[in-house]
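Every chain is numbered from 1 and lettered A, B, ... according to where its sequence line falls, protein lines coming before strand lines.
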Amino acid sequence: MDIKALEAQQIEMAQQVVIPSENEGYHPSEGDILVTFDVQYIQEEAFVALDVQEWKGAIKGTFLKKLPTPNSYVPSFFAFREGPVLWQAYQALIEEQSIKANCLLIDGHGIAHPRQFGVASWLGVKTSLPTVGCAKQTLLKFHGGIASNRGATLNIQQNKQTLGFALRTQTATKPVFVSPGHLISLSQSVDIILEFASRYRLPEPIRRADQAARAFAKNELEEGWNAPMLLG
DNA sequence: GCGACAG
DNA sequence: ATCTTGTCGC
């Protein structure tokens, strides 16, 4: 892959990202469909899991799709590897299951990225849907300590602009890194992640998608629609 | 120049 | 992401 071309494309697409102010943009309503993505890779095959859940409502199930991976992974250009695969899987969810999302949750970054364009922003621009990124590692350095209680946050800034937060989802566990991808505010992004991370460090939909993708990659689940997995 | 670098 | 078991702790 040509890094210069990717960089140009990244900067061009980043200009399309919209991050509303605190009181505007997407705010989940009861019954909204939230779709959460995760991927496992074997060689150049991507095993994608889409967890479907209603806001304040039922866990609907998981859609599984196997796809070829078009691009290799280049650090800070993760969106170009995983983004197209997430996009294809979401199109299949619409076409095969007639399910459309009100908001997408991505295992990765939104605008908390060196060029403000993580995979959540990529998918947001492609779908014109609100997206939230939640990552286990940060790409941007930040200073200061974060309080140890659940709900504590620390701003992740670049050029004095807040791009996301380190968020403690459980008392005395490592924080996760939350940032809006598109069409949602910083504070709403944190609220959604905190709401979903009621018991573990990672939000439950991400855990479900991760587990489903792993089982799918091991051939323990079949491609297509799967009823909700039991237990936690 | 060297190391670090979401998934 | 993946290569990899049991073990410790809440």
Side-chain angles (χ1 to χ4, degrees), chain A residues 1 3 6-7 10 13-14 17 36-51 64-90 104-126 131-143 148-150 154 156-158 163-182 189 193 197-203 205-220 232:
Chain A
M1 269 196 297
I3 301 296
L6 285 187
E7 213 165 302
Q10 196 173 53
M13 285 184 77
V17 172
T36 303
F37 297 69
D38 196 33
V39 184
Q40 293 287 318
Y41 296 95
I42 295 181
Q43 310 286 342
E44 290 308 298
E45 280 193 320
F47 295 82
V48 190
L50 280 64
D51 177 87
L64 301 175
K65 188 79 180 173
K66 186 169 73 174
L67 294 161
T69 314
N71 299 316
S72 57
Y73 171 58
V74 180
S76 89
F77 294 94
F78 176 60
F80 293 96
R81 171 171 174 83
E82 192 150 298
V85 156
L86 301 182
W87 159 258
Q88 294 281 347
Y90 182 61
L104 309 178
L105 178 53
I106 317 297
D107 186 1
H109 291 293
I111 60 169
H113 177 279
R115 287 167 298 280
Q116 289 80 57
F117 198 67
V119 62
S121 295
W122 190 99
L123 193 61
V125 167
K126 286 289 286 187
T131 58
V132 178
C134 179
K136 299 177 283 295
Q137 303 267 341
T138 183
L139 279 169
L140 303 176
K141 293 183 168 68
F142 59 92
H143 296 293
S148 64
N149 59 297
R150 168 175 152 85
L154 187 63
I156 298 173
Q157 296 182 321
Q158 200 177 46
L163 298 177
F165 298 94
L167 169 66
R168 193 92 69 182
T169 53
Q170 300 296 330
T171 298
T173 63
K174 289 198 308 180
V176 297
F177 303 93
V178 178
S179 59
H182 191 44
S189 302
I193 296 302
S198 55
R199 183 151 163 33
Y200 301 100
R201 176 183 176 234
L202 296 178
I206 289 184
R207 288 168 47 85
R208 287 195 301 268
D210 180 78
Q211 287 168 14
R214 281 180 198 279
F216 182 31
K218 286 195 288 185
N219 211 23
E220 293 168 359

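- With rounding to whole Å, A:N71 atom CG is found 19 Å from B:dG7 atom P.
- Residue-level contact check: A:F78 touches the bases, meaning some heavy atom is under 4.0 Å from a base atom.
- Side-chain polar atoms of A:R150 and A:T173 form no donor-acceptor pair below 3.5 angstrom.
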Just the table, please: protein N/O against nucleotides 4-10 of chain C N/O, every pair under 3.5 Å.
none

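- Between the OH atom of A:Y73 and the P atom of C:dA1 there is a distance of 10 Å, given to the nearest Å.
- The two residues A:P68 and A:V85 make their nearest non-hydrogen contact at O-CG2, 3.8 Å.
- Residue A:I206 contributes atom CD1, which lies 12 Å from atom C1' of B:dA6 at whole-angstrom precision.
- Atom CD1 of A:I106 sits about 7.5 Å away from atom OG1 of A:T36, to the nearest 0.5 Å.
- Remark: A:R214 fails to qualify as a cation-pi partner of A:F47 under the 6.0 Å distance and 45° angle criteria applied to the six-membered ring.
- Side-chain atoms of A:R115 and A:Q10 include a donor-acceptor pair closer than 3.5 Å.
- A salt bridge is absent between A:D38 and A:R207: the closest approach of a Lys/Arg side-chain nitrogen to an acidic carboxylate oxygen does not fall below 4.0 angstrom.
- If you take CG of A:L202 and C1' of B:dG7, they are 13 Å apart, rounded to a whole angstrom.
- You'll find the side chain of A:F77 reaches within 4.5 Å of the side chain of A:I3, heavy atoms only.
- Residue contacts shown for A:A79 include a base, since a base heavy atom lies under 4.0 Å away.
- If you measure from atom CD of A:E44 to atom C1' of C:dA1, you get 11 Å, rounded to the nearest angstrom.
- Not one side-chain nitrogen or oxygen of A:K136 sits closer than 4.0 Å to the OP1 or OP2 atom of B:dA6.
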Using a 3.5 Å limit on both pairing distances, list the dot-bracket string of DNA chain C from the 5' end; Watson-Crick and G-U wobble pairs count, crossing pairs take [ ], interstrand pairs take |. ..........

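- Separating the CD1 atom of A:I42 from the P atom of C:dC3 is a distance of 8 Å, rounded to the nearest angstrom.
- Protein atom CZ of A:R115 is 12 Å distant from nucleotide atom C1' of B:dA6, rounded to whole Å.
- Atoms CZ (A:F77) and C1' (C:dA1) sit 19 Å apart, rounded to a whole Å.
- Side-chain atoms of A:T69 never come within 3.5 Å of backbone atoms of A:N71 as a donor-acceptor pair (strictly under, hydrogens ignored).
- Within 6.0 Å of the CG atom in A:N219, the count of heavy atoms belonging to other residues, nucleotides or ligands does not exceed 12.
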